[in-house]
Amino acid sequence: MALPEASAEVLVATTWHCNLACSYCFVEDRRDGVRGRMTPRLAERLIKSLNEGLAEADEIVVHLYGGEPLTNLPAMRVMVEAAHAYPSGRFRFSITTNGTIASDEAIALLDRGQFEIVLSIDGPASVHDACRRTAAGRPSHQRVMRFLSSVRSRTGCRIRGSAVVRSGNSLKSAVDYLKSLPLDAIKAQAVRVPGGAPFALDDEERRAYERDLEAIGDSVIEDLESGIQPMDDRFSGRVLQMLAGRKRERFCSAGAWVFGVTPEGVMLPCVLLDPEADALGRLEDSPSVWVEAGKRWREERAPRSECRVCDALPYCGGGCPAVLPVCGADECDLIRKNVQVARRIYDHFEGRQTMLLGLAGMV
Amino acid sequence: MSKQNRTLVLRALTDAKFRRQLQSDPVTALGKAKLTQTQQQEVNLVLALVKGIEKQITGVADQLLCVNGGGCRGIA
């Protein structure tokens with residue numbers, strides 16, 4: 001049975017500007033003022049256009065991205081207010097942020113939009129500040145902790161801590177640190193760079209990473225046995241997929257239920273893709289333009305020949321079209337490992353499968 | 001959540017025919033003479049939970065730093 005889809009997610013880069021200059025960041029330096037920032041007018045147009053173009057979706061998740069989205073509060077405010085004009089539940093908001101801007105306005109907006117916040121925290125100050133600094137070289141960990149505290153005390157937002165695992169920062173230490181913080185969910189993953197690049201895990205670190213994935217799998221089993229929803233939910237989707245007996249026909253829904261938008265209003269199948277090579281249209285176009293172009297983009301992409309003989313394909317769908325060109329076979333190795341651990345979790349509960357519903361919060 | 005409802009969620013998730021019947025004719029699906037208001041509410045809850053799981057399954061797979069992930073342009 002194919003996966004039914006009813007929820008749309010649109011990754012919106014409201015700006016390419018960022019107030020940090022993290023040493024492993026891939027975003028080109030576009031700190032040039034107005035260019036590269038979404039205007040309030042375009043932000044308003046975005047909500048209207050998504051509502052029309054994704055009329056069949058039962059909800060639309062607008063995920064703000066960048067750059068640092070909290071450096072463009074005017075666009076964010078317009079989106080949140082425009083979304084409130086639609087029935088409750090039509091729009092939901094999510095944001096990926098470096099957590100260094102905790103102004104009253106930013107915190108109030110996050111609460112108003114009931115954002116699900118993905119907060120970048122690599123580890124304790126010594127680890128986090130080694131890479132995540134301002135352009136002037138100032139550390140950011142202390143500011144992130146203040147942001148976390150403000151969001152916790154002044155909003156009802158759900159917060160997911162997200163760490164980049166890089167050379168010198170193991171998966172285990174990142175996960176252990178995130179679990180020590182007042183977060184609702186966590187995610188810690190290997191930096192996406194070509195093998196051999198600065199910050200890339202070396203061979204021994206990759207082996208340790210895979211062992212840590214096994215240990216996280218053990219921890220998930222322990223949590224489920226204890227009737228607890230695991231904080232680290234990296235395996236949840238795949239285990240539930242196995243439980244439901246679904247096959248993943250594509251890696252994701254890019255071009256159908258997932259889209260990306262640049263600050264200039266270029267519509268893409270995903271914001272991670274090339275705005276020139278993969279453009280589907282513009283926000284100013286009739287929504288049917290980018291919707292139809294998205295269908296064509298999707299139809300033109302089938303799993304690669306090597307994927308057809310991979311036993312992880314039903315749980316992978318052929319890999320991310322944005323990440324595979326960067327990471328290649330390394331990415332496939334990680335996906336296979338994740339599928340293997342997910343299978344182990346699934347098999348552990350053979351004959352007691354209702355226990356697996358804890359992965360969906362049914363504990 | 002009750003064990004009975006978890007069992008219903010699992011069945012509705014894995015048995016498409018049962019799920020359709022639970023939506024269209026819950027009385028027959030559950031083999032009851034009729035449903036109380038509370039039972040109907042529970043059926044609605046079960047169907048909503050199954051829909052939530054379907055969304056969770058459909059979401060982008062686990063390793064990426066994009067949807068529900070974090071990091072600059074999903075890569076770092």
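Chain naming here is simple, since letters A, B, ... match the order of the sequence lines and numbering starts at 1 in each.
- Put simply, the side chain of Gln241(A) never gets that close to the backbone of Glu54(B): no donor and acceptor are under 3.5 Å apart.
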Hey, mind stepping through Lys3(B) and Thr354(A) against side-chain contact (heavy atoms from CB on, under 4.5 Å) and telling me if it holds? CA-CA 8 Å; Lys3(B) 190 178 175 186; Thr354(A) 54; 5.7 Å; no
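- Val363(A) places none of its side-chain heavy atoms less than 4.5 Å from the side chain of Met1(B).
- Of the atoms belonging to Ile53(B), it is side-chain heavy atoms, and not backbone ones, that fall under 4.5 Å from chain A.
- Expressed to the nearest 0.5 Å, how far CG of Leu10(B) lies from CE of Met362(A) amounts to 10.0 Å.
- In this structure, chain B has no heavy atom under 4.5 Å from any part of Asn98(A).
- Interatomic distance, CD of Gln56(B) versus OG of Ser7(A), reported as 12.0 Å (0.5 Å rounding).
- With a threshold of 4.5 angstrom between heavy atoms, Leu356(A) does not approach chain B through any atom at all.
- To the nearest 0.5 Å, atoms CD (Gln353(A)) and OG1 (Thr7(B)) are separated by 11.0 Å.
- Highest contact tally toward chain B, considering only Gly361(A), Ala244(A), Gly317(A), is held by Ala244(A) [criterion: heavy-atom pairs under 4.5 Å].
- Proximity to chain B is limited to the side chain of Glu59(A), based on heavy atoms less than 4.5 angstrom apart.
- In this structure, Arg6(B) contributes its side chain and Leu357(A) its backbone to no donor-acceptor pair below 3.5 Å.
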